[in-house]
Amino acid sequence: MKILLQTPTRLTIRHYPLGGWISTAILAAMGMGSLATPVTTPEEGMVLHAIVGLFVGFIVISAWVSDEAKVVTWIFDKSVGTLTVKKRGLLVTKVSEYPLQDIRKVRRETRIDVGLYGIEILLSETRRLHLCLDYSLFVDAAEKGVNCISQFLNL
């Protein structure tokens, strides 16, 4: 997570999902590494290559469409009263806007099994926005982000 711009009327934060990128690279490397498995017949080699191709293809497609692998930019703009969320993938950027007045709370979120954190914005009891879908922040970085956003919005 990086704070790109912080002025009295605008706050821009970008999150690069390093956790998602690293896990995708590791899985793809494992798939490619399995090509070194010794085979005794040409048929075994063809089957192995087909399985590896499907595995690596699945990993690449999953990374392509998953929100966890997208670069997320949050733009809080007091001059127009909106939060703009941009999720940039390999080929497509999805843009969503929310009124700043709808933001009720900013908090740190965690997944118990991982020990890493993300940042969550509560718009209502049922609507939430997540800055770090891959939960790749350490506790101090998550707290810094929560405090920065909360202070900017006077929450």
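This structure is a prediction, so every number in the text was calculated from the model and none was measured.
The same ILVMFWY cluster, assembled from side-chain heavy atoms under 4.5 Å apart, contains both L11 and L100. In terms of hydrophobic clustering, with Ile, Leu, Val, Met, Phe, Trp and Tyr side chains grouped at heavy-atom distances under 4.5 Å, V146 and L122 are assigned to different clusters. By the criterion of side-chain heavy atoms lying less than 4.5 angstrom apart, applied directly or through intervening Ile, Leu, Val, Met, Phe, Trp or Tyr residues, I75 is not grouped with I103; the two fall into different hydrophobic clusters. Cluster membership for L5 and L83, using ILVMFWY side-chain heavy atoms within less than 4.5 angstrom, is not shared. Tracing side-chain contacts under 4.5 Å through hydrophobic residues (I, L, V, M, F, W, Y), one reaches V72 starting from I3; they form part of the same cluster.
Between Y98 and L129, some side-chain heavy-atom pair lies under the 4.5 Å cut-off.
Atoms CG and CD, from L123 and E120 in turn, are 9.5 Å apart once rounded to the nearest 0.5 Å. L137 CG to L131 CG: the interatomic distance, rounded to the nearest 0.5 Å, is 7.0 Å. Between T84 atom OG1 and F76 atom CZ the span is 10.0 Å, to the nearest 0.5 Å. Going from atom OH of Y117 over to atom CE of M1 covers 14.5 Å, rounded to the nearest 0.5 Å. The structure places NE2 of H130 at 8.5 Å from CH2 of W74, a figure rounded to the nearest 0.5 Å. The distance from atom CZ of R108 to atom NZ of K144, rounded to the nearest 0.5 Å, is 16.0 Å.
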Does I149 form a side-chain contact (heavy atoms from CB on, under 4.5 Å) with I119? I'd like the steps, not just the answer. CA-CA 10 Å; I149 296 167; I119 297 174; 4.3 Å; yes
Go through the steps to decide whether Q6 and C148 satisfy the test side-chain contact (heavy atoms from CB on, under 4.5 Å), and finish with yes or no. CA-CA 9 Å; Q6 187 171 9; C148 182; 3.5 Å; yes
When you look at K87 and H15, which way does the side-chain contact (heavy atoms from CB on, under 4.5 Å) test go after all the steps? CA-CA 10 Å; K87 294 180 182 179; H15 176 66; over 6 Å; no
Does V95 form a side-chain contact (heavy atoms from CB on, under 4.5 Å) with T93? I'd like the steps, not just the answer. CA-CA 6 Å; V95 179; T93 298; 4.2 Å; yes
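T110 contributes a side-chain N or O that, together with a main-chain N or O of L116, makes up a donor-acceptor pair within less than 3.5 Å.
Side-chain contact check for T73 and R14: at least one donor-acceptor pair (N or O, by modelled atom type) lies under 3.5 Å.
Shortest non-hydrogen contact noted between A142 and G118 is CB-O, 4.2 Å.
With a 6.0 Å cutoff to the six-membered ring centre and a 45° limit on the axis angle, K78 counts as a cation-pi contact of F152.
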